[in-house]
Amino acid sequence: MFLPDSDDFRIVLTGVGLTSPNGDNLDDFRANLLAGKSGVVPFETRYMPPVLAGVCNFDAVKHQKRKEVRRGTRAGSVAVYCANEAVLDAGLDWENVAKDRVGVYLGITEHGNVETENEIFEISQFDYDTKFWTHHHNPRTVANSPAGEVTLSLGVTGPHLTVGAACAAGNAGFIQAVQMLRLGEVDMAIAGGVSESIHTFGIFASFNSQGALASNEDPTKASRPFDTNRNGIVVAEGGGICTVERLPDAKARGAKIYGEIVGYAMNSDANDFVLPDSNRQAECIRLALKRANLTADDIDIVSSHATATEQGDIEESTALREVFGDRPSLAINNTKSFIGHAMGAAGALELLGNVPAFNDGIAHATINLDQMDPRCGLKQVVANEPRQMEKVEYILNNSFGMLGINSVLILKKYSE
Amino acid sequence: MTSEEIRGVVLDILTNIAPDEDLSDLDDGQPFRDQMELDSMDFLDIVMELRRQYRVQIPEEDYENLITMSSTVTYLTPMLKDVDKP
């Protein structure tokens, strides 16, 4: 176990692999965030009229055989693509990495619904005779499946697990990596979050029944966090995965360092199945700041969680106003306005899309914000056009989820 | 279906199970597993696809008949002789 005064306690991101509805690598993703380009499109799902969704277009067979794609799940394909891209980006001599010292930690919102729905539909064609239920069901639906597929692809023999954390999962994957690296359980982590959620009709139908599924004649304008005319969530798929290392290891191999995770926190509302709680969210943010030895005034960009639901945006806004006040030098932005809500991948993608700000000094915008909902009343939201910042040293990333799970991560621009 | 048509059905199933492999030189007398990557889950895919496509029920004790293409076609021919080609 490494102590806080040790350099080994310092944890850095050294490789990035991602797929989002508007980009399959960090450069394209960032360019489209700065250009205001949405990735939301019409999408067909079972049993329902067409919906809107954030759909990824990565090349699944870039890092998998076609047989592996067929054998596994969409979440697995997303994870394998992103993990391999991260390893390549990290410049690792992968052949000679000690695979038993690598851990794979992937946040997920849910897993197994896609396969279960598919199989129930399949046996409905056979009078619900379960003899037609596939033998692939169990290996595809065990909860560790996406992380396990990464170990199969990369030959990792260290620990792997998924972190089930609803829509707080992207941050939770990184947090698990930080903890395991600081404990000395592993020497490298492949961590982040993934989502295949658009391939289950249930998530759309459930949000629709809840009155929380976005609709708009123009798909690119459907995801409208903080806007008065928002009408719900656009569900998206995606993945954001990083190689995560202790600083001395990264320095020893001359690694490119994207940023240092200096603070994190997770807590629970203990209040409601669905409705968020600004008090616990604010507590979570303050705890992350405290662990990072920072104050709210140190943060340059807040990457907000807001999903464009009625109450969710109001609660997060209340928490942000309470913690950060009206300080004008703060930039608050929102990635879901471009790509929709990538569920288990959301926290990871939203953090990673902001990381290039350490170099270009730009806070990407929140698009589709025509009129700030006065009940949100946030004055620092970067509306519709990117903002050139005086400095970007600290990014704070919010991710919250159902059953009252909150996660906050603080990333610092790397310096010696 | 004729034996040749049944061979085509089995080959289509194998092609779907092993999409990365070239099966054009498959030797009908040699075990599938000696000529392609075919684990136990893949093997069960053959059984399942025959069940789904043709309602053929293959009991576990008969699995040994599905070792080679020749033995598979021989085994399936009486079961599928009255089934139309898809």
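Numbers restart at 1 for each chain; the letters A, B, ... are given by sequence-line order, proteins then strands. Here the structure is a predicted model, which means the values were calculated and not measured.
Of the residues considered (Arg52(B), Glu21(B), Met48(B)), Arg52(B) shows the highest number of contacts with chain A, using heavy-atom pairs under 4.5 Å. Comparing Glu68(A), Arg71(A), Lys65(A) by how many heavy-atom pairs each has under 4.5 Å with chain B, the most go to Arg71(A).
Among all heavy-atom pairs drawn from Ile6(B) and Thr77(B), the shortest one is CD1-CA, 3.5 Å.
Side-chain contact between Phe32(B) and Glu37(B) is absent, with no heavy-atom pair separated by less than 4.5 Å.
Contact check on Lys62(A) versus Asp24(A) returns no salt bridge, with no Lys/Arg side-chain nitrogen under 4.0 Å from an Asp/Glu carboxylate oxygen. We find that Arg74(A) and Glu237(A) are joined by a salt bridge, their nearest charged nitrogen and carboxylate oxygen being less than 4.0 Å apart.
Interface remark: Met41(B) contributes backbone and side-chain atoms alike to the contact with chain A (heavy atom separation under 4.5 Å).
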